[in-house]
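To start, the structure under review is shown below, and the notes come after it.
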Amino acid sequence: MILRRDNIKRLVELVTSTGGVFVAPVVDTRQVVYRAIGSGEEIELNYILPRNSFKEFLFPQTEVIARFSMNKGGVDLENMDITPPDTVIFGARPCDTASLPSMRAVFTWDYIDEFYTRREERITVISIGCTQGDDDCFCTTVGLSPESRKGADIYLLETEQGDFVVESVTDRGRDFIQRYEEVFEQRGDVKTKALFMPERIDGIDVERIKGWLSKKENYQSPLWAELARKCIGCGACTFTCPTCHCFDIMDEAGLLEGERRKNWDSCQFDFFTLHASGHNPRDTQFKRWRNRFMCKFNFYPNKFSSRGCVGCGRCIRVCPVRLDITEVMEGISKEQ
Amino acid sequence: MERELRDTARRLLEDKTVGVVVGYSWNRKKTRTTPVFVTKPEDAERLIFNPLCVNNLSVYLTRKYPDVRALGRIGIVAKGCDIRNIVVLMAEGQIQREDIYIIGMTCSGVVYRQELWEGELKPEIMPTKCHNCDVRNPHLADTVIGERVSFTPPETPQGVVFDRIREIEGMSPSERWEFWMGHFSRCIKCYACRQVCSLCYCERCITDKNMPQWIETSAHPRGNLAWNLIRAMHLFGRCTFCGECERACPVNIPLNILNQKLAMVAKEAFDYSSGYDPEVHPPLRVFDPEDREDFIK
C-alpha cells in the first residue's frame, strides 16, 4: 500500500472528525515536538526526532487520579473514570515505538495501572523509518535499528517522491488501514529512500555492561564518581526519555476539597530517595546517576524481557553538561 | 592558550595548591565540550578552552557538591561571566576566596548553544551577554590565561534579549500574560534551570518544601507559572545574566528575557549590578537607610 503525502491531511480529518486524537510531529519554538493536532497542515515531516517522546500521551506528565472533599460526615472520595479517546501517533520513530513494550512491562508488572493500559489499548502507532539522524543516535548499539517494527502497528518507509510505503505490523494496524482505506492506495512502482543507520559504537557491549552491573562489588566502584560526577541533577534526561516511567503522587487541595495527582518524577532529583528520617541513601549526585544507568542496563533487562534503553539519544542532546550515556557505556564495557 | 592552561593546571596539582581542577574537555567525538574534574597532574592534558566552553562551572563550587569539595581545594577554569557568579557566591558567604583558585580565561565570546557551532565564532551565534560583555578580561582571578582582549561594550546594551524586552514592554498586560503563559505552558518541571544555576544553591528549594506545598509541582499552567515566577524572584539582584538556565531549558523558555529585565530593575532601583564586587551585598540582602523609596508606588 501507499500513503500519499497529500493524503495525510485527509487522514487527520477522518480521525479527528470522529472524536479521535491525532498526534504528529509539529514545530514549536524552534523545536519539533509530538503534539495533538487539529489539521494536517501543522505536520512537520523534515525531522530527526521530536524533542519529547510520545509517552506523554499514554502517561501524562500530570493527571488527576482522584478527587476528595471534606464535609461534616467525613471525606468523600471520587474515582476518576478513564475513557481515553482513540489516539493515533503518526510519525513515531522506531526507537520510540520500541519503548512501548518497556512501558507496558512496568505498568502491568505487579499491578495493572489502568491509567496507562486503557490509553495504550486505544492507540495506533504509525512509525516512519528514519531517513535522517545525528551524532547522538545510537539505536544500533543497543540492538535496534531504523528498520525495527517493535511496538509499531503500522510501519512507513518514505519514497523518493515523498510518499510512504505502508506495512501493517499488527492486527490493530490492519484494522486501521481498513477503516481509513480511502486514504491508502495500491502500491505502484516506487523506490524508497535509504535509511539512516547510526554507526554502531564498537567499544560498547550491552551484555558485558549487564554482567559488570550485576556484580555487587561494582556498586561501590570509584568508576561511578569518575564517569558521572558532572551530573547536575536535573530531570531533563528522564523526562525526555521514552522509557523512564517514575511518578510521584501529590495532593493539591484547598481547605475543603482537592485532587490527587500522578506527576512525573525523576530519580535524578535529590529528594527522590530522601527518607522521612532525613537519611538519603543516594546522598551525592553520581549515585543518583548510577541508579538511572542501573535501571536501564541491569534492573530492566533482569526483570523484563524488554529493554530499558532504546538508543534515541535524547538524554545526550538535552543534557546541560553533555553527560553522554554512550561514553559511560563505553567506560564500563572496558571493565572486567 | 590551551598549552598555558594545561601547564598551569598541572603545576597547581603537582605542588598541591589545589586538589582538583574543574575545567572543560572534549566529548569522545570532539564535537562538544563537557565539564571535567582533573585530579591527576598527567590528566591536565585533557583540558581545553574554546568558544564551545559555554558551561558556567561555578555551579560545582556550591554546597550541593560535597563530593567535589571532598577532592580538596578547587581550582576552577572560569570566564569573566562565570567569575561574576563566583563573586556573588562570595558576597553571599557561600565560598571563601581562599578556598578556591580561579584560573581566569580571557574570552572573545562563546556560542549561544553548542549545536550552532560550525567552526567559526560569528556574532549571530553569540548570546546577548557576549555582545555587551565588560569582563572579557577576568576581573577577579589568581592567574589569568590568554591574551588581553580589547573590547568595549556598546554604551546602550544591544542584542536579541534587549529587543525582546522592548517588544514586551510595548505589550498590554493581557498580551504579556499570554506571551509568558504560552512559554511557561511548555515547562516540563525538569528543574534544569535551577540545577544548572550556581546561585540556586539552596539545599531545599522552596518547590521541594511540601509541608505545606508552597509551589505546586504539577506541570499544569498554575504550577508552571508559580515555579518560573518564584525562581525569577529568588534571583532578583543576584542573577548575573550568565544565561545558563535558558541554555539548559529543554523546551526553549526564553528565561534570559526575564533575567535581564530583573537585572535592569535592580540597576534602576538600587544602582546595583551583581557579580563585580564580593564586598557589596545584593540589594535584597541588606538594609540601607539610604535606599530610595520612590520606586514603590
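Any value given below was found using the heavy atoms of this structure, including those in side chains, with hydrogens, waters and symmetry copies removed.
- Using a 4.5 Å cut-off on side-chain heavy atoms (C-beta onward), A/Val321 and B/Tyr60 make contact.
- Interface remark: A/Thr326 contributes backbone and side-chain atoms alike to the contact with chain B (heavy atom separation under 4.5 Å).
- Side chain of A/Lys230 to main chain of B/Thr34: no donor-acceptor pair is present (N/O by atom type, distance under 3.5 Å, no hydrogens or angles).
- Heavy atoms of A/Asp248 lying under 4.5 Å from chain B are absent altogether.
- Most heavy-atom pairs under 4.5 Å with chain A: of the set B/Ile253, B/Ile188, B/Asn210, this distinction falls to B/Ile188.
- Heavy atoms of A/Arg51 lying under 4.5 Å from chain B belong exclusively to its side chain.
- Looking at B/Lys64, neither its backbone nor its side chain comes within 4.5 Å of chain A, counting heavy atoms on both sides.
- Nearest approach of A/Phe271 to B/Arg204, heavy atoms of both residues: CE2-NE, 3.2 Å.
- Within the 4.5 angstrom heavy-atom criterion, only side-chain atoms of A/Asp28, from C-beta onward, approach chain B.
- Neither the backbone nor the side chain of A/Ile316 comes within contact range of chain B; no heavy atom of the residue lies under 4.5 Å from a heavy atom of that chain.
- Contacts between A/Glu226 and chain B at a heavy-atom distance below 4.5 Å are absent for every atom of the residue.
- At a 4.5 Å heavy-atom cutoff, the contact between B/Pro66 and chain A is made by side-chain atoms alone.
- Your options are B/Arg186, B/Glu244, B/Gln213, B/Arg194, and the one with the most heavy-atom pairs under 4.5 Å with chain A is B/Arg186.
- When B/Thr217, B/Asn27, B/Val251 are compared by the number of non-hydrogen pairs under 4.5 Å with chain A, B/Val251 comes out ahead.
- Note that OG1 of A/Thr284 is 11.0 Å distant from OH of B/Tyr65, once rounded to the nearest 0.5 Å.
- Without hydrogens or angle criteria, B/Asn55 side chain to A/Pro320 main chain gives a donor-acceptor distance under 3.5 Å.
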Requested in this report: With side-chain hydrogen bond (donor to acceptor under 3.5 Å, both in side chains) as the test, would you mind laying out the steps for B/His220 and A/Gln61 before giving the verdict?
Outcome: CA-CA 9 Å; B/His220 50 40; A/Gln61 174 150 24; over 6 Å; no
